[in-house]
Peer 1: 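What follows is a structure written as structure tokens; I'll ask about it next.
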Amino acid sequence: MTSRGPEKRVRKAPAERRSEMVTAAARVGLAEGLECVTLRRVADELGVRPGLVGHYFPAADRLVAEAFTSATLAELDGLLPELPAGPGPDSGPGVAVRALRRLFSLTSSADFDDVSRIWLNARHLARYRPVLREHVVEQDLLWCRRIERVVATGVAAGDFRCADPWASAVRIHVAIDGTSAYVNTGVGHRAAPIADMARTLAEAELGLASGALGPR
């Protein structure tokens, strides 16, 4: 019987290794806070040496910023997927209404709490970390543009009445962000009318009856 020696560690492609580190950092940021995203913490998460993480991210602030972006991009795609550009079963009247109704249902649930915390966390840390601040501004713009496209789609389909989709999108985004700032104050402080504020503002912005974007 022959004995097997230690298995040879597979060398990963640089892009794959880097992506793995950002994903691990995002996981730590969501669960524990961006302050806990350090080279050593991510190395422990992946079972590698801190020096390897440092090779890809000589400055920890860059890793923190990319962790935030990774987490919030996944959030945006999950909460408000891109609407199809052309005609089809997922386009036309009612599509934009359903998209916003789903968005408000998800953002008002406890499942959104970890993401709310990482946004709140990032906005605070961005005051001291310029790289993170750039990423926060970029993600804000992505959110507003995504909402703007949904609003414009609803206007084109005759579902919404809105003179300036961009302005309405910005106000809706700010309302979602503002209500999520209460995530650390306890459930009692997040009940209606705070929980419904973003939805009711969106209904007013888009010329909809009260409750039109509520759960069905």
Peer 1: So, does Arg40 use its side chain to make a donor-acceptor pair with the main chain of Pro50 at under 3.5 Å?
Peer 2: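 Not at all, since once roles are kept as given, no pair shorter than 3.5 Å links the two residues.
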Peer 1: Is any side-chain heavy atom of Val97 closer than 4.5 Å to a side-chain heavy atom of Phe160?
Peer 2: yes
Peer 1: Of all heavy-atom pairs between Val28 and Cys36, which one has the smallest distance, and what is that distance?
Peer 2: CG1-O, 3.7 Å
Peer 1: Could you grab the distance from atom OG1 of Thr69 to atom CD of Glu75, nearest 0.5 Å is fine?
Peer 2: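 If we round to the nearest 0.5 Å, Thr69:OG1 and Glu75:CD are 11.0 Å apart.
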Peer 1: Grouping I, L, V, M, F, W and Y whenever their side-chain heavy atoms are under 4.5 Å apart, do Leu80 and Leu201 come out in a common cluster?
Peer 2: yes
Peer 1: Report the distance from atom CD of Glu32 to atom CZ of Arg27, rounding to the nearest 0.5 Å.
Peer 2: 10.5 Å
Peer 1: Let me check something: do Val174 and Leu142 share a hydrophobic cluster, defined by ILVMFWY side-chain heavy atoms less than 4.5 Å apart, either directly or through other members?
Peer 2: no
Peer 1: Working to the nearest 0.5 angstrom, can you tell me the gap between Asn121 CG and Leu125 CG?
Peer 2: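 If I round to the nearest 0.5 Å, the distance is 4.5 Å.
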Peer 1: Please test Leu100 against Leu206 for side-chain contact (heavy atoms from CB on, under 4.5 Å), starting from the C-alpha separation and ending with a verdict.
Peer 2: CA-CA 11 Å; Leu100 290 185; Leu206 305 176; 3.6 Å; yes
Peer 1: Could you please spell out the steps behind the side-chain contact (heavy atoms from CB on, under 4.5 Å) verdict for Val95 and Arg98?
Peer 2: CA-CA 5 Å; Val95 168; Arg98 290 192 294 274; 3.4 Å; yes
Peer 1: Any idea which heavy atoms bring Glu205 and Cys162 closest together, and the distance?
Peer 2: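 So the two residues come closest at O-CB, 4.2 Å.
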Peer 1: Let me know which of Arg145, His173, His135 forms a side chain to side chain donor-acceptor pair (under 3.5 Å) with Asp140.
Peer 2: His173
Peer 1: Could you pull out the closest heavy-atom pair between Ser116 and Ser180, with the gap in Å?
Peer 2: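 Closest approach of Ser116 to Ser180, heavy atoms only: OG-CB, 3.3 Å.
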Peer 1: Before giving the answer on side-chain contact (heavy atoms from CB on, under 4.5 Å), spell out for Arg18 and Glu66 the whole-Å C-alpha distance, their side-chain angles and the decisive distance to 0.1 Å.
Peer 2: CA-CA 11 Å; Arg18 194 178 192 284; Glu66 293 196 25; 2.7 Å; yes
Peer 1: Could you report the tightest heavy-atom contact between Trp143 and Leu103, atom names first, then the distance?
Peer 2: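 Closest pair (atom of Trp143, atom of Leu103, distance): CH2-CD1, 3.9 Å.
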Peer 1: So do the side chains of Val151 and Glu148 get within less than 4.5 Å of each other, counting heavy atoms only?
Peer 2: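 No - every pair of side-chain heavy atoms lies 4.5 Å or more apart.
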Peer 1: To the nearest 0.5 angstrom, please state how far the NE2 atom of His124 sits from the CZ atom of Arg129.
Peer 2: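 Answer rounded to 0.5 Å: 9.0 Å.
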Peer 1: Treating Glu203 as the side-chain partner and Leu208 as the backbone partner, does any N or O pair qualify as donor plus acceptor under 3.5 Å?
Peer 2: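 Looks like no, no N/O pair under 3.5 Å.
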Peer 1: Under 4.5 Å between side-chain heavy atoms, hopping through other hydrophobics if needed: is there a path connecting Leu52 to Val37?
Peer 2: yes
Peer 1: Start with the C-alpha gap between Ser168 and Asp164, add the side-chain angles, then the distance that decides, and say whether side-chain contact (heavy atoms from CB on, under 4.5 Å) holds.
Peer 2: CA-CA 6 Å; Ser168 291; Asp164 188 344; 5.6 Å; no
Peer 1: Is the shortest side-chain heavy-atom distance between Arg17 and Val48 below 4.5 Å?
Peer 2: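 Yes, their side chains come closer than 4.5 Å.
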Peer 1: Group every Ile, Leu, Val, Met, Phe, Trp and Tyr by side-chain heavy-atom contacts under 4.5 Å, then state whether Leu73 and Ile147 land in the same group.
Peer 2: yes
Peer 1: With a 4.0 Å cut-off on N to O distance, would you call Arg146 and Asp77 a salt bridge?
Peer 2: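 A salt bridge links Arg146 with Asp77.
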Peer 1: Listed by chain and number, what are the ring-ring contact (aromatic ring centres under 6.0 Å, His included) partners of Phe68, not counting sequence neighbours?
Peer 2: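 Trp119.
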Peer 1: Any salt bridge between Asp44 and Arg41, counting N to O under 4.0 Å?
Peer 2: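 Between Arg41 and Asp44 there is no salt bridge, as every charged N stays at least 4.0 Å from the carboxylate O atoms.
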Peer 1: What's the spacing between Ser70 OG and Ile118 CD1 if we round to 0.5 Å?
Peer 2: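 Rounded to the nearest 0.5 Å, the OG-CD1 separation comes out at 9.0 Å.
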Peer 1: I need the minimum non-hydrogen distance between Leu63 and Ala25, along with the two atoms involved.
Peer 2: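 Distance-wise, the nearest heavy atoms are CD1-CB, 3.8 Å.
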Peer 1: Give a yes or no answer on whether the side chain of Thr23 reaches the backbone of Ser19 with a donor-acceptor pair at less than 3.5 Å.
Peer 2: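 Judged by distance alone, yes, a pair lies under 3.5 Å.
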Peer 1: Rounded to the nearest 0.5 Å, what separation is found between the CZ atom of Arg123 and the CZ atom of Arg133?
Peer 2: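 Spacing of CZ (Arg123) from CZ (Arg133) equals 13.0 Å.
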Peer 1: Any chain of hydrophobic side-chain contacts (each under 4.5 Å) joining Leu83 to Ile172?
Peer 2: yes
Peer 1: Which heavy-atom pair separates Val42 from Met21 by the least distance, and what is that distance?
Peer 2: CG1-O, 3.8 Å
Peer 1: Do Arg62 side-chain atoms and Tyr56 backbone N/O form a donor-acceptor pair below 3.5 Å?
Peer 2: no
Peer 1: Taking side-chain contact (heavy atoms from CB on, under 4.5 Å) as the test, write out the residues that go with Arg102, two or more places apart.
Peer 2: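 With neighbours one apart ignored, the set is Pro81, Leu106.
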